[in-house]
Number of protein chains: 4
Amino acid sequence: MTLWGGVFQSQTDDAVRRLNDSLPFDWRLYEVDITGSQAWAASLYHAAVLTRAEYDAITQGLEAIRQEFASGRFAPAPDDEDIHTAVERRLTEMIGPTAGKLHTGRSRNDQVATDLRLWMLQAVPQTIAKVRDLQRALLRRAAEHIHTLMPGFTHLQPAQPITAAHWLLSFAQMLERDHQRLHQLAASSAVSPLGSGALAGTPYPIDRQALAEHLNLANASANSLDAVSDRDYVADYLYAASMIIVHLSRLAEDLILYSNPSFGFVKLDERYSTGSSLMPQKRNPDPLELTRGKTGRLVGHLTGFLITLKGLPSGYNKDLQEDKEPLFDTYDTLSLILPVVTSLVDTLILNPDRMRAALDENMLATDLADYLVFKGIPFRQAHHLAGRVVRLAEARQVRLSQLSLEDYRSITPEFDGDVYEVFDFDKAVSRRNLVGGPAPDAVRAQIALLARHLQEEI
Amino acid sequence: MTLWGGVFQSQTDDAVRRLNDSLPFDWRLYEVDITGSQAWAASLYHAAVLTRAEYDAITQGLEAIRQEFASGRFAPAPDDEDIHTAVERRLTEMIGPTAGKLHTGRSRNDQVATDLRLWMLQAVPQTIAKVRDLQRALLRRAAEHIHTLMPGFTHLQPAQPITAAHWLLSFAQMLERDHQRLHQLAASSAVSPLGSGALAGTPYPIDRQALAEHLNLANASANSLDAVSDRDYVADYLYAASMIIVHLSRLAEDLILYSNPSFGFVKLDERYSTGSSLMPQKRNPDPLELTRGKTGRLVGHLTGFLITLKGLPSGYNKDLQEDKEPLFDTYDTLSLILPVVTSLVDTLILNPDRMRAALDENMLATDLADYLVFKGIPFRQAHHLAGRVVRLAEARQVRLSQLSLEDYRSITPEFDGDVYEVFDFDKAVSRRNLVGGPAPDAVRAQIALLARHLQEEI
Amino acid sequence: MTLWGGVFQSQTDDAVRRLNDSLPFDWRLYEVDITGSQAWAASLYHAAVLTRAEYDAITQGLEAIRQEFASGRFAPAPDDEDIHTAVERRLTEMIGPTAGKLHTGRSRNDQVATDLRLWMLQAVPQTIAKVRDLQRALLRRAAEHIHTLMPGFTHLQPAQPITAAHWLLSFAQMLERDHQRLHQLAASSAVSPLGSGALAGTPYPIDRQALAEHLNLANASANSLDAVSDRDYVADYLYAASMIIVHLSRLAEDLILYSNPSFGFVKLDERYSTGSSLMPQKRNPDPLELTRGKTGRLVGHLTGFLITLKGLPSGYNKDLQEDKEPLFDTYDTLSLILPVVTSLVDTLILNPDRMRAALDENMLATDLADYLVFKGIPFRQAHHLAGRVVRLAEARQVRLSQLSLEDYRSITPEFDGDVYEVFDFDKAVSRRNLVGGPAPDAVRAQIALLARHLQEEI
Amino acid sequence: MTLWGGVFQSQTDDAVRRLNDSLPFDWRLYEVDITGSQAWAASLYHAAVLTRAEYDAITQGLEAIRQEFASGRFAPAPDDEDIHTAVERRLTEMIGPTAGKLHTGRSRNDQVATDLRLWMLQAVPQTIAKVRDLQRALLRRAAEHIHTLMPGFTHLQPAQPITAAHWLLSFAQMLERDHQRLHQLAASSAVSPLGSGALAGTPYPIDRQALAEHLNLANASANSLDAVSDRDYVADYLYAASMIIVHLSRLAEDLILYSNPSFGFVKLDERYSTGSSLMPQKRNPDPLELTRGKTGRLVGHLTGFLITLKGLPSGYNKDLQEDKEPLFDTYDTLSLILPVVTSLVDTLILNPDRMRAALDENMLATDLADYLVFKGIPFRQAHHLAGRVVRLAEARQVRLSQLSLEDYRSITPEFDGDVYEVFDFDKAVSRRNLVGGPAPDAVRAQIALLARHLQEEI
């Protein structure tokens, strides 16, 4: 069955059917499609388009179809173009011509837009929960490493010592912004297009606001022409997901680097590594590489969908059928990856000894400059002098603390014997005790604040 | 002058300098850079790093430099790598070594991130205002055409009659969502990274929250490692802008189509058309084509920037210098295009006669089906019967209203003499009087609601 | 069975397995995987790693597995990570431990790269053939409309009359460039990575060039480290496909516009239209809209894959597993769309009357200017004068040919009575009889040349 | 002066002018625009449209304008919309109304398309030369390190030892494919659209093929409607450039990693590093990070331009004006980056000691499996046994060569005393002496072949 055809004399070409049909991928909308149809039936009943008996027959039939889907017993027919057709066809088989009254005043244009909104209503909180889980794992691990020192890098060159907790929390903060985006999307996407018809609404006296609320959507859409072709919420999800995976790609990059034995800062639990078909010794961080690699997939989906939207004329255009596959694939990808990364973080073996061993006194050159600042030298000059100290130590092939006081004084007489106190990594970190800083106390405050967010908002 | 160099023995290669230097495009940050430096100087003073005299010298020097920039008198030096270096170099020329104290505890990493946040603080409201202006123009024009009928299309095929006001408002609704995104961005980007140093904060006792508020930024960033490499707000702006231009590309597409003489629904004021070097008769909608074409530019910037972010290791990486050019170009593009589209809409010549002439009775086939629904026929069957009516009229090469009652009854005896009342376009539109519908009354309500939003939020 | 594991103590996490496993999408490589393995077995035999008996057992076993796949009898096991593992596992079941000799000196890294090259060897000619089919359809239809006049547009505004054949051929020319790209790709991708091992080749004395030729690949890859992570050919295919769909999107746009009744230049055969669930009269150009819409999908795949490649360190990285899904989906999309567009073009109903009716004398304004050029007036001035003629006719609300000679002479006395001869659309087109021009003779030459290309190269 | 206007009554809006005008970025086309105009003038002369005197006046005037541009004396006028207008305006000032004859039969549509083709004729070889220079640098450095061993990685985990030459050459091979793409583009883009007019050719008897050859373009375009909107060659360049920068991003990633002191495999010459404004010790690989970061810029340009092309109707559309900025920026970016990377490679300090120190006997586990293969054990089983050896050594915390023969025999009795001969990194590499392998002899052959390509083709 197709939902149309009276005006047609020829049958659709088979290849066109394959191109056109969306059932292979919109199948998963059955739940929300049925929910939407039941709500629409209620509206038709309240608008006196359906009798009570018709309404009951329709809603009960739909409920039975829902069960068929849920239990895997639903059998698609060759002519089922899409989930909407499949459900209406089955309803007709079940309850006869009354089923044909369900589509009164409704178009697949507003129906599919509503389905997708309802699907988001479930999907966005699922993604939020998985983001939250990963934040929690990062927090847990951070709490264990408040005093673990490691090199902080800029330009991937050793920069200054930080705490491992601070490093782990930096990703929790990125995810906090991702959470914020999803949170806003949950609100902004809760709009009901139902009642917009094909583009021009419907002449039946539907109470669209009541219908929206019946569907747990905050508001009825404000313009029917816009409503049937509005896919902003799909793009918003694809964008929010792109940012999540961009953030995860950075975490993945760090962990891939740090698990190379030249760093050796971390080791993946074997359950999160895989081996090589040729090289017996290999334990590879495949899940992290796939996480990083899938950044292409998700950003590609976002870009692709914006391309699809570009330059479309007013109203519904079939181009919009290209919304579901990128949306579902993005959701599925995040649903698979986020828990893997969470478990991987939870089981990650940090190696504080290797981290500390990678600290290098040159990373305290800024503290050396600060030492001179405390002696009254303007920072810019202090910076230059500290640079010259580093150069001298390099020429001598010694560490900064191995230069003699004489050496120091050869650079500037402001150096005194207390200069050697600079070369204490723990103190250097602890001194950086301001809001957002890496010092243990600042980190504890950061954890506390994040933990509060995590409890509050879900 | 470079801000570094003590550790170096060789001079930077010239081509590297050209590759590295950002002054050609970060020049425009002078205003916010100076504002940020003044606030930092205040923090250093409160932290007792600067004396009052030093603080005064620095802030007054900076103020003088701001004047030099504003008046076009600022002269860059060959070694000015970026705006930060240029300003500090000039300050040194003005007030001597005290200038070297300004950078105490600060890195260009937190400085540039702060500059960009402060720039957003000005830019986002500018973009919002321009979006609002275009919405207002659409509202004004819609108010003039509440009763103007035009064909509504789906799949670019005639679908149902709507009002021109409804069509115009559909774009105002898209822009309403754009406004919402910008509004949220204005809030989420108001974070101060200052005090995050290169990655690890600073040992000087800076009150970062007070500093943030001094800069009109709501909060201090929560993690210094994250803060120096967080460019989410840049991506957020690029995304919001991409959605704006995608929406504008749809408006442009409609207007380009509708100004083709085969449609003739609209005509551009000559001030918004241009001619041909070869064909004397041409009046081309260049601004609309450029609007549509620039969708590529802006979405390309978004995609490109996400690529730049992908897989970056922790902390600041120089890759991030690629943030400014796409951001500024996107802002400038919107700043140029939005007012042009606004004026173009304001001066657009609608042709209600051509619009009405394009209405075709087949567009009332749905109403014909609804007619049968009122006679008790289930919609699905009514749809099929109406389709057969259309096919019959096509075979006879007549309009629907030209078929005889006999013809109608040959399809189904439910048709009565009152069927001819269906073929009234105005009534068909007026019947669609629900929330979000195209009927004049519904459109008036839509205008009133949007007008209220427009007054409230700016 | 996994192909590794000796070094591991724990089992891989289930979610990691789901993330990691590629069998769901690399299944379709079974044919080329088996072909590649048979060739590798031959090389091992020639290198005296396998005995004749072992070689026979392996190749016959592989042949039997190929039959299992082809007939749908192949049963995957839960531990089959990918097609390579599945085949080796099955071979082990069939021929015992000898199967374990097949992977000697080989890694999945060079194996999968070889598989993909072999897959391209079949896929690219398939795509070429479909491009050629569409070109042939365009040529056939062009040949029917060498004398059919239609408006040519620039900026979607009427510009000059052209022939419908010329318009149809413009798309055949775009596809000619697409063909060229695919043709070059067929050559450049015919490289054999086999023998590159995981990254460092193999110590066994394999004749890699002979092996390559055995596989119908022109050359052995030149650097093993590069070979295992080279996916340029995948990107090349994605790019070539992106250009194809961009070209198709332009054809689709034209046909969507031209089938709107305000144009009415073409009508789709009903087999290539679909209807509406709500509006009984609708015949929508869905296949064309999906073609246009899928531009996003394919360009998204290209962009996404380039993102995946960006910044990967040397050698194979698991990120590269993200190559197959976009590649296969792109191939499948083109394989579905190209034949649909071909049939749609073949059955397209052109309406020469509506095309001619859309011609408008203003489209001869350039010829009017040329008329003045023949009288000796410099073109720039002639252009200006012809523009003034158009403006005068507009003011009078008449056609150009309806202006009196007096009117013409009021613009410039160079106009004579022969000016009215300008207003002949057929002559205007016939005059444009240079290489690449729209005149019937030029179009015939264009068809002849393209037809020759089409015969020669396939 | 605009090149049009006769039909217009109102002046173009100022903001529209700013949006529309392309002179700020098409200025650099002056050289090719003048060359194209001179060729066109010659064609007009041969077609008897220009007298000899007019032709001489025009070509000499154009030559004088070329000098003005070249010497920086050319003064743009406020109404110069684009380079074509600017040149024609200046020519008119110089030689009077005769200048107005130059545009006879020509449109800016075919003119700008020709200009861009001519620009490519110069630009592509420039890019090729820079790619070749980088390949030469890689070859030079490879020749120095044929015997330098280093760890080869897969999944960024130690895999097998390779030679540093082999690693360097892997990038030269990537660039070889880039060269191939550019080489093909140089041929495929050498097409002359001149004579295509606005879309429909021209009635003047122009010998388009002779004109094409006059311009050093191999062929006249085959379809005028296609020719004026064909920008495939722009997309081809953007794609070829994207692949170059993707390859460079991988080289950059390796060098950034390897110059981290935990690796210490390479050190950048100071001229190719820059320092920090805060941290005195820093030497950052900024040029490499910018190279990696600019992948976003170039892929963004490619994506953006494909978006611009998507769905354009037939013929020239103003959207196409968005071709030049991404094209020129891409060219300029490569022109800046390629030489920097070349010099950086040329001056790169390799540290063979650190490379060798990073070798680890586990990287010979594959050789250990091969040892067992030579004893007759099927590889799959040998792989498993070697994996168990590695696990045993890890449990004992010793190197593989430190396990006793007894230990080995506890895994399998096939192990003999000669097993210890496996643990020789140099021999392991030398054994991999097949085509494309890392062994010194294979690398020498690889260098020789590449060197031959480099000499031949430029």
Side-chain angles (χ1 to χ4, degrees), chain C residues 6-7 97 100-101 103-104 152-154 156 159-160 162 169-170 173 177 184 198-201 203 206 208 220-226 232 239 246 249-250 253-254 292 295 299 303 306 309-316 373 378-381 384 387-388 390-391 431-432 434-438, chain D residues 6-7 97 100-101 103-104 152-154 156 159-160 162 169-170 173 177 184 198-201 203 206 208 220-226 232 239 246 249-250 253-254 292 295 299 303 306 309-316 373 378-381 384 387-388 390-391 431-432 434-438:
Chain C
V7 79
K101 298 198 167 188
H103 213 65
T104 314
F153 299 107
T154 62
L156 203 65
Q160 294 182 319
I162 57 173
L169 289 169
S170 71
Q173 297 293 353
R177 295 190 292 276
Q184 291 172 342
L199 77 156
I206 302 294
R208 293 190 60 229
S221 59
N223 181 296
S224 60
L225 183 61
D226 171 45
D232 280 23
Y239 172 65
V246 162
S249 80
R250 300 191 63 184
E253 178 82 2
D254 268 13
R292 185 178 59 188
T295 311
V299 176
T303 304
L306 295 178
L309 294 178
K310 176 235 173 181
L312 291 187
S314 268
Y316 182 81
V373 164
F379 177 77
R380 185 57 59 219
Q381 191 186 340
H384 186 79
R388 286 182 49 207
V390 172
R391 208 201 310 174
R431 269 198 299 272
R432 288 163 166 81
L434 71 180
V435 170
Chain D
V7 79
K101 298 197 167 186
H103 213 66
T104 313
F153 300 107
T154 62
L156 203 65
Q160 296 183 318
I162 57 172
L169 289 170
S170 71
Q173 297 292 354
R177 294 190 292 275
Q184 290 171 343
L199 77 155
I206 301 295
R208 292 191 60 229
S221 58
N223 180 298
S224 60
L225 183 61
D226 171 47
D232 280 22
Y239 172 65
V246 162
S249 80
R250 300 191 63 184
E253 178 81 1
D254 269 12
R292 186 179 58 186
T295 311
V299 177
T303 303
L306 294 178
L309 294 179
K310 176 235 170 179
L312 290 187
S314 267
Y316 181 81
V373 165
F379 178 76
R380 185 56 58 220
Q381 191 187 339
H384 187 78
R388 286 182 50 206
V390 172
R391 211 203 304 174
R431 270 196 297 272
R432 288 165 166 79
L434 71 180
V435 169

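Chain naming here is simple, since letters A, B, ... match the order of the sequence lines and numbering starts at 1 in each.
Of the atoms belonging to D:Leu306, heavy atoms from both backbone and side chain fall under 4.5 Å from chain C. Of the atoms belonging to D:Thr295, it is side-chain heavy atoms, and not backbone ones, that fall under 4.5 Å from chain C. Looking at D:Asp254, the atoms closer than 4.5 Å to chain C (heavy atoms on both sides) all sit in the side chain, from C-beta outward. With a 4.5 Å cut-off on non-hydrogen atoms, D:Val299 touches chain C through its side chain but not through its backbone. Of the two parts of D:Gln160, the backbone and the side chain both hold a non-hydrogen atom closer than 4.5 Å to a non-hydrogen atom of chain C.
Contact tally against chain C (heavy-atom pairs below 4.5 Å) for D:Ser249, D:Gly201, D:Ala220, D:Ala159: the top residue is D:Ser249. Interface summary for chain C: among D:Val390, D:Leu199, D:Ile206, the most heavy-atom pairs under 4.5 angstrom belong to D:Leu199. Chain D forms more heavy-atom pairs under 4.5 Å with one residue of C:Arg250, C:Gln184, C:Lys101 than with any other, namely C:Arg250. Note: D:Pro313 leads D:Gly152, D:Pro313, D:Gly315 in heavy-atom pairs under 4.5 Å with chain C. Contact tally against chain D (heavy-atom pairs below 4.5 Å) for C:Asn223, C:Asp226, C:Thr303, C:Val7: the top residue is C:Asn223.
Of all heavy-atom pairs spanning D:Ser221 and C:Val435, the tightest one is O-CG1, 4.1 Å. D:Ala200 approaches C:Pro438 most closely through the heavy-atom pair O-CD, 3.1 Å. The minimum heavy-atom distance linking D:Leu434 with C:Arg208 is given by the pair CD1-CD, 3.4 Å.
Taking the six-membered ring for Trp and thresholds of 30 and 60 degrees, C:Phe379 and D:His103 have ring planes inclined between 30 and 60 degrees apart.
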